[in-house]
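Not measured: the values here are computed from a predicted model.
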Amino acid sequence: MAMQPWFTDAKLGIFVHWGIYAVDGVQESWSFYDDIVPYDRYMSQLDRFTAARYDPRDWAQLFARAGAKYAVLTSRHHDGVALWDTAHGDLNVGRDLIGGYAEALREQGLKVGLYYSHSDWSHPDYASTRKPGRPPELEDNRYSEVAAEDEDLVAWERYLAYRDGQIRELTSRYKPDLMWFDGEWDRSEEQWRIRELAALVRSEVPDVVFNARMLGEGDYATPEQGAPVVPPDGPWELCLTINDSWGHQHHDHHHKSVDQLIRYFTETIGGGGNLLLSVGPREDGTITPEQRQRLEGLGDWIARHAEAVYGTERGLPPGHHHGPSTLSKDRRTLYLTLFDAPRAALGVRGLLTGVRRVSVLGSGTELAHEVTGGLHETPGVLWIQPPGAADLDPHATVLAVELDGELELYRGAGRF
């Protein structure tokens, strides 16, 4: 399947981790899996999960203001609790919290993504088998696997039928543009029946996008939390939390600053990826002021520099410019991001294409530039006079470098 152009053009998505775990502010699913919270206490949150102030239109408006072009909502995490009134399985919140979300996103022109975990650590038929090749001496977790001699493949078939039933509900009801799968590590591609699962989803949504956790059917790479030093080839997405938690945890006040989020964002799109930024609504459906403020701050910066964000592709490889950059789709304009106020001329190395004009994005102020050095096939260095204080953005300044033609780079080692 060809990658959908909307995804690589989106640049920013919002990852919404919302579930019963927000009631007590515990880690989603893993808190009982790792025996940090007793299972019964974890599940008691279901009766206290109100969604009393859930306003999906408010969410969608906030996400649009942040500059996002899509969002991904946790329809069911590894705990097995569904956010819609599913007819398959016994664990759900008793109403449909997904329909309004999908409708509100589309009203804002945003694409609809749904997260779904392959794993369900609460389902009675889930811990009925184990991943092939798993060493028998490794301790089994009672929520996810059994010893080899206790495998029950009939039960596993029942689990797959349950999963397929839920996926059919999600895709037929909400027609998601993106399905964000997780939990793939628990079983093999063959055990998950990934090819058949992909066919099921595409029978309802032919142009759906899959993340890499659909294994052989995945469309893009999904690094998590750690920003890659060397960006993946092809389309990719960095999923990142605003603080240290995916879902809402009352004690977690360690929020990244707007400056830091802009750095993550510009470095990600400069490497050809999207940033999928996670928010964790409270159990009542409201988003905390701290997270709202950061989404709005990021959105304000993106709005001022939209030309360097949307309609661009990955920029210069490392070594050409000390900072992130993007390139216009026609490959005739480079956008250079500056995080600090420059004290001297800015150097760009390896440009084989001539430069017509350099200006500060936003103010339009033109900056003087010249090329010095160079020998034979090795180009000289482009030196750009630094912008003045009045032209500097408080978070990150972007320079537009207009080229005489399509970008060509020198990647050699020079003359020895």
Side-chain angles (χ1 to χ4, degrees), residues 7 13-22 26-34 42 70-84 86 88-89 91-92 97-98 101 112-123 126-127 131 141 143-145 159-160 162-164 166-167 169-171 174 176-198 200-201 205 208-226 232 235-241 245-248 273-281:
F7 180 83
I14 304 299
F15 207 174
V16 187
H17 279 75
W18 192 38
I20 66 170
Y21 38 84
V26 297
Q27 187 179 12
E28 57 288 338
S29 305
W30 291 98
S31 53
F32 72 78
Y33 184 89
D34 291 333
Y42 182 95
Y70 66 107
V72 178
L73 172 64
T74 49
S75 69
R76 179 178 71 65
H77 209 269
H78 317 316
D79 59 13
V81 181
L83 288 189
W84 77 102
T86 178
H88 301 273
L91 275 180
N92 66 82
L97 297 177
I98 297 178
Y101 154 84
V112 174
L114 294 178
Y115 168 111
Y116 185 90
S117 174
H118 294 292
S119 309
D120 183 340
W121 296 332
S122 293
H123 196 280
Y126 183 71
K131 188 174 183 178
N141 187 294
Y143 296 112
S144 65
E145 60 193 350
Y159 176 76
L160 292 178
Y162 147 80
R163 177 206 65 184
D164 289 351
Q166 288 199 330
I167 291 295
E169 286 178 335
L170 290 173
T171 53
Y174 312 116
D177 303 287
L178 185 153
M179 284 296 297
W180 209 103
F181 284 93
D182 198 8
E184 81 293 345
W185 62 84
D186 256 358
R187 302 287 188 266
S188 69
E189 185 161 357
E190 292 72 25
Q191 285 174 310
W192 290 128
R193 310 241 177 103
I194 290 293
R195 183 175 297 179
E196 292 84 350
L197 178 60
L200 187 160
V201 176
V205 195
V208 70
V209 174
F210 292 131
N211 69 330
R213 298 173 198 191
M214 268 293 273
L215 303 172
E217 297 290 334
D219 295 306
Y220 67 92
T222 312
E224 182 175 324
Q225 290 286 56
W236 62 282
E237 170 191 76
L238 171 64
C239 21
L240 183 77
T241 53
S245 309
W246 296 107
H248 177 65
N274 292 351
L275 180 63
L276 185 62
L277 189 59
S278 181
V279 299

Could you check whether any side-chain heavy atom of M214 comes within less than 4.5 Å of a side-chain heavy atom of L197, counting everything from C-beta outward? yes
H88/Y162 aromatic ring centres below 6.0 Å: no
Shortest non-hydrogen contact from L91 to D79? CD1-O, 3.8 Å
Quick one: list whatever passes side chain to side chain contact (heavy atoms under 4.5 Å, CB included) with N92, sequence neighbours left out. A82, T86
Are Y220 and W236, when compared by the centres of their aromatic rings, separated by less than 6.0 Å? no
Spatial distance of atom CG (L200) from atom CZ (R193) [nearest 0.5 Å]: 12.5 Å
Proximity of H78 and W185 rings by center, below 6.0 Å: yes
Test ring-ring contact (aromatic ring centres under 6.0 Å, His included), reference Y33, set Y21, Y126, W121, output is W121
Measure from the ring center of W180 to the ring center of F15 and say whether it is less than 6.0 Å. yes
May I ask you to test the V201-I167 pair for a side-chain heavy-atom distance under 4.5 Å? yes
Apply side-chain hydrogen bond (donor to acceptor under 3.5 Å, both in side chains) to H17 and S278, showing your working. CA-CA 7 Å; H17 279 75; S278 181; 3.2 Å; yes
Taking every non-hydrogen atom, the tightest pair across G183 and S119: O-OG, 2.9 Å
Kindly compute the distance separating CD (E224) from OG1 (T241), expressed to the nearest 0.5 Å. 9.0 Å
Please report the C-alpha distance between S29 and Y42 in whole Å, then the side-chain angles of each, then the deciding distance to 0.1 Å, and finally whether the side-chain contact (heavy atoms from CB on, under 4.5 Å) criterion is met. CA-CA 8 Å; S29 305; Y42 182 95; 4.0 Å; yes
Within residues 178-190 or reaching into it, pairs that qualify as salt bridge (charged side-chain N to carboxylate O under 4.0 Å, His left out) - sequence neighbours excluded: D182-R213
Please identify each residue that fulfils side chain to side chain contact (heavy atoms under 4.5 Å, CB included) with Q27, with sequence neighbours left out. W30, S31, Q249
side-chain contact (heavy atoms from CB on, under 4.5 Å) assessment of V209 paired with D177: CA-CA 6 Å; V209 174; D177 303 287; over 6 Å; no
If you measure only the distance, is there a donor-acceptor pair under 3.5 Å linking the side chains of Y159 and D120? no
Is a side-chain donor or acceptor of S188 paired with a backbone partner of Q191 at a separation under 3.5 angstrom? yes
Can you tell me how far CD of E237 sits from CG of L277, rounded to the nearest 0.5 angstrom? 11.0 Å
Quick one, W18 with V279, criterion side-chain contact (heavy atoms from CB on, under 4.5 Å). Give me CA distance, side-chain angles, the key distance, then yes/no. CA-CA 8 Å; W18 192 38; V279 299; over 6 Å; no
Flag the pair N274 / L238 as yes when at least one side-chain heavy-atom distance between them is below 4.5 Å, and no otherwise. no
Taking the side chain as everything from C-beta on, heavy atoms only, tell me whether L83 gets closer than 4.5 Å to L73. yes
Determine, stepwise, if the pair L114 / T74 fulfils side-chain contact (heavy atoms from CB on, under 4.5 Å). CA-CA 6 Å; L114 294 178; T74 49; over 6 Å; no
OH-CG distance between Y115 and L178, expressed to the nearest 0.5 angstrom: 13.5 Å
Any side-chain heavy-atom pair from V81 and R76 closer than 4.5 angstrom? no
Side chain proximity check, W192 to R163, heavy atoms < 4.5 angstrom: yes
For A212 and A221, work out which heavy atoms get closest and say how close. CB-CA, 4.0 Å
Side chain proximity check, P176 to L170, heavy atoms < 4.5 angstrom: no
Do W246 and C239 make a side-chain contact, defined as non-hydrogen atoms from C-beta onward lying under 4.5 Å apart? yes
Testing Y101, Y116, Y174 one by one against S75 for a side chain to side chain contact (heavy atoms under 4.5 Å, CB included), which residue passes? Y116
